[in-house]
Amino acid sequence: MIGDKLSISTAPFLKDDDSTPKIMFLVVYTLMPVVAVSFYFFGLAAILVTITSVFSCMFTEWVFNTSGDRSRSLKDGSGLITGLLLALTLPPGFPLWMVFLGGVVAIGMGKVIWGGLGQNVFNPALLGRAFLQAAFPTAITTWSPPDGRFFGLRGTNLAMPMMQGKNIDGATGATPLAKMKFEQVGTDTMDLLLGNTGGSLGETCGILLILAGIFLLVRKIINWRIPLSIVLTVSIFSGIFWMIDPARYPSPVFMILSGGMLLGTVYMATDLVTSPLTPKGCWVFGIGIGLLIVLIRNWGGLPEGVMYAILLMNAATPLINKYTKIRTYGHEKAK
Amino acid sequence: MLDKKLTFKHGVHPREFKSLSDHCSIERMPFVEEYTLPLSQHIGAPSKAIVVKGQQVKRGQKIADAGGFISVALHSPVDGTVSDIDIFPHPNGKVLPAIKIKCDPFSPQIRESSPIDFEQMDTKSFISSIQDAGIVGLGGAAFPAHVKFKIPEDKKCRYIMLNGCECEPFLTADHRVMVEHAKEVIDGIGILNRFVGAEKAYIGIEANKPDAIEILAEEAKKSDFPVEVVPLKVKYPQGAEKMMITAILGKEVPSGKLPLDLGVLVSNVGTIACLSDYYRKGKPLTERVVTVTGTAIKRPGNVLVPIGTPMRDVIELCGGITQDAVRILLGGPMMGVVQKSIDTPVVKGTSGILVLTNNEVKDLDQYSCIRCSRCVDACPIFLNPSMMGLLAKKGLWDEMMDYNVMDCFECASCSFVCPSNIPLVQSFRVAKGMLREKWAREKEMEENA
Ligand code: SF4
Ligand code: SF4
């Protein structure tokens, strides 16, 4: 239980340095550059969305936390991560009240009802985002490209509940993925890497996400098997179709650098709580996500498939854990 | 050449702390006033006292016989008088029968002993002579050595494997024994091999003891029996019997089987040196090297302590403890046993006396399991501590059997890495105890029915 003092009166008396709050805050720190870049590209709108999302997640965590010491669940930093991640999956012009609602659902439905940190099956941020997608399908696909105006609020940010947000500046643009899917127009790889494209807050600047991922891998915070298996699967699977018909199917490089692929691979698929425990399970999980991403993107009705791919494999995780038991030392087979 | 050290899979890397005492030569503990010699200092049946209160005893004289096959004899560490035979506090926390001997301050502390001629012995008398010398495994478990050395008819000992890993942080006793008594170690192998007839001997040593590796390799060259010194990667628990066998031979010991089923006889380096001491010099096991260390010990060192010496005196010899000492344990910090008092004696299984400060012993906040799988990646025998921890918390002991909880040898690697500070190994100890108790009850009911 969170909140119990552990008095170690039996061995071991040495402990590894990493504690759960430390791990969570390391993840938060690696997110900072990504957040900063979103502020740079999308200005005040991004700042408002991020603040609202974080506030809403932390607030919900605090309200619903019944385990006595309320500050403890805030201290572990996991709510902060959910808030930041949720913000990073939203378009900059997203109405703030919807952002708030998304945060409440992410923590409330994504975490609290399962029993809190460590008990949930779905990644909370993605669950919040899925809810918003279902509830507000138009608002969430209204993308604006970076326009260089820092204070240029997206008109829709301040829309009120029940009202149709009016797009004051009229600048909307399709994301690279939508362009590819619906117009068969590609986007320059360099633009994808540096973030000069339309998209959600954190889905645009590929290079930073790759660097953050490398840091988390080296620091052994995330399990290398998951990102590796996703990227490999997506490359191979989408590569096959690309080679068959390059005009119709996007290249593997585009696949990996566009949309929520990197954000999802580095931060969401690797969510410790909702990914499998066993090494073999991690491979199954990653390959499953990779296959689903390519399936949804190439043949589904949606341009983006990362979110659903991860949520679906989250649902399968308890089963994966069950069927990929580890063979114990000195035993012939796994039980 | 790629310098790739042999090792096992998984495991952890705790801070070593060995530099506190690894350079300290073994020093001899002066005699103290009174010794307490518990009759159970080994795994198995307690020894049977053969002296009476008031009797004079000589140093090295047998004062208790083995109490069965899995049991060993006990000898007086000093010249003196049996002052009491009663129950006294034992370092395992219980109060158990022991012989107290008052040291005679005037008699010369010279040992009367002469070599024992083992060349004429057959295997049977060799085995019983080891039992009579009171020799047990000095690595910590204190299992009677002769039981291990007795090769059953249907098994063959192909390799003798000496354990000089000493993977527990802080401990340096085996290290010093290897450096200072390399000759005895190699000689002991020769003696043992006369009776077990192995093809080859290995000495597994973690690479953080280069001096021991070098000296033993040098000494091994002089032996006419093939002895190979194998440097192993520094990783906890490299010194666990199974892990060392896997590192050196690349094979796993099947669950529920013994190393001997793979043709391997494993023994601690100090235990083997005892053989040389006994047969060449006639010295039974009456003293052992103990590492006295820890951040709260003023002058850490390695001390040759007569068995039965109160821990208090040994600690005093090492400068005493600092103000901020909070925990005293026997053994290393990973698997050691907490002591409530320092008035219990050093016994045959005491490899180290470790005194820690607040810096190591902290009250840690416990968080929920975040399924980070660090424990899974740490467990040297590929268990799933995370799942077992969740089941243990709910008291689902039987379900834990699906995860092979009984295979857990309590190395504590899982608890060491857990970022949520979940008492994993602690709860597995409880679970194993509960299951054993339950099975015993069920068996009893079956027998009564
Ligand atoms: S190390 Fe601790 S927190 Fe991580 S999976 Fe194991 S039990 Fe859970
Ligand atoms: S204590 Fe048991 S479960 Fe934990 S790492 Fe060691 S063997 Fe594995």
Side-chain angles (χ1 to χ4, degrees), chain A residues 1-24 67 69 72-73 75-78 115-120 220-223 225-226 270-279 281-282 317 321-322 324-332 334-335, chain B residues 9 12 14-15 17 169 242 246 252-257 327 329 331-338 354 356 360-374 376-377 379-384 386-387 402-404 407 410 412-413 415-423 425-426 429:
Chain A
M1 279 281 287
I2 294 176
D4 294 353
K5 274 275 180 195
L6 164 72
S7 166
I8 318 187
S9 51
T10 53
F13 288 95
L14 290 182
K15 283 281 317 181
D16 199 21
D17 288 335
D18 281 354
S19 67
T20 293
K22 192 167 158 196
I23 291 176
M24 297 293 177
S67 71
D69 178 7
R72 167 116 31 213
S73 67
K75 224 169 72 183
D76 68 32
S78 60
L117 177 64
Q119 321 281 316
N120 47 306
K220 294 202 171 137
I221 303 286
I222 58 178
N223 190 324
R225 296 175 186 93
I226 295 174
T270 54
D271 173 10
L272 300 171
V273 175
T274 55
S275 60
L277 275 168
T278 61
C282 288
T317 294
N321 273 335
K322 202 167 160 196
T324 55
K325 272 204 190 148
I326 321 156
R327 181 195 63 91
T328 305
Y329 176 102
H331 288 250
E332 292 274 318
K335 256 196 192 176
Chain B
K9 286 192 191 124
V12 294
R15 237 188 98 186
F17 294 96
K242 289 179 176 177
T246 303
E252 289 184 3
V253 182
S255 172
K257 292 270 165 64
R327 202 66 104 228
L329 36 157
M334 298 295 282
M335 294 180 83
V337 185
V338 177
L354 180 59
L356 300 173
E360 291 87 37
V361 185
K362 286 188 208 111
D363 267 354
L364 297 166
D365 283 340
Q366 199 180 320
Y367 296 87
S368 317
C369 169
I370 54 167
R371 297 168 189 263
C372 62
S373 76
R374 288 175 184 225
V376 178
D377 292 335
C379 179
I381 56 166
F382 321 145
L383 297 175
N384 187 335
S386 172
M387 287 306 290
D402 283 348
Y403 290 88
N404 298 324
D407 284 55
E410 301 172 21
S413 300
S415 293
F416 171 78
V417 290
C418 179
S420 285
N421 303 320
I422 298 168
V425 64
Q426 294 89 330
R429 264 183 226 132

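Chain letters run A, B, ... following the sequence lines, proteins first, then strands; residues in each count from 1. Computation of the quantities below employed the complete heavy-atom set of this structure, encompassing side-chain atoms and omitting hydrogens, waters and symmetry-equivalent molecules.
The parts of B:Cys372 that come within reach of chain A are both its backbone and its side chain, each placing non-hydrogen atoms under 4.5 angstrom from that chain. Neither the backbone nor the side chain of B:Leu354 comes within contact range of chain A; no heavy atoms are under 4.5 Å apart. Interface remark: A:Lys22 contributes no atoms to any contact with chain B (heavy atom separation under 4.5 Å). Of the two parts of B:Val376, only the side chain, counted from C-beta on, holds a non-hydrogen atom closer than 4.5 Å to a non-hydrogen atom of chain A. Neither the backbone nor the side chain of B:Lys9 comes within less than 4.5 Å of any heavy atom in chain A. Contact of B:Met334 with chain A is made through backbone and side chain together, with heavy-atom distances under 4.5 Å. For chain A, the nearby part of B:Pro169 is the side chain; its heavy atoms alone come within less than 4.5 Å. In this structure, chain A has a heavy atom under 4.5 Å from the backbone of B:Arg15, while its side chain stays farther away. Contacts of B:Cys418 with chain A are made by both backbone and side-chain atoms, with heavy-atom separations under 4.5 Å.
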_side chain to side chain contact (heavy atoms under 4.5 Å, CB included) between B:Ile422 and B:Tyr367, worked out_ = CA-CA 7 Å; B:Ile422 298 168; B:Tyr367 296 87; over 6 Å; no
*Check the pair B:Ser420, B:Cys369 against side chain to side chain contact (heavy atoms under 4.5 Å, CB included), reporting the backbone distance first and the verdict last.*
CA-CA 6 Å; B:Ser420 285; B:Cys369 169; 5.7 Å; no
*Give the C-alpha distance, both sets of side-chain angles, the deciding distance and a yes or no for side chain to side chain contact (heavy atoms under 4.5 Å, CB included) between B:Phe382 and B:Glu252.*
CA-CA 12 Å; B:Phe382 321 145; B:Glu252 289 184 3; 3.7 Å; yes
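Using modelled atom types, one side-chain atom of B:Arg371 and one backbone atom of A:Gly118 make a donor-acceptor pair closer than 3.5 Å.
In this structure, B:Ser415 and B:Val425 approach most closely via the heavy-atom pair OG-N, 3.0 Å.
Between the side chains of B:Asp407 and A:Thr328, no donor N or O sits under 3.5 Å from an acceptor N or O.
Between chain A and the options B:Ser255, B:Ser373, B:Pro14, the largest number of non-hydrogen pairs under 4.5 Å is found for B:Ser255. Contact count versus chain B (heavy atoms, under 4.5 Å) is highest, among A:Val273, A:Ile222, A:Asn223, A:Ile221, for A:Val273. Contact count against chain B (heavy-atom pairs under 4.5 Å) is highest for A:Ile23 among A:Thr278, A:Ile23, A:Asp17, A:Asp271.
The cationic atom of A:Lys325 (NZ for Lys, CZ for Arg) lies less than 6.0 Å from the six-membered ring centre of B:Tyr403 and within 45° of the ring axis.
With respect to the salt-bridge test (charged N to carboxylate O, under 4.0 angstrom), the residues B:Asp377 and A:Lys220 do not qualify.
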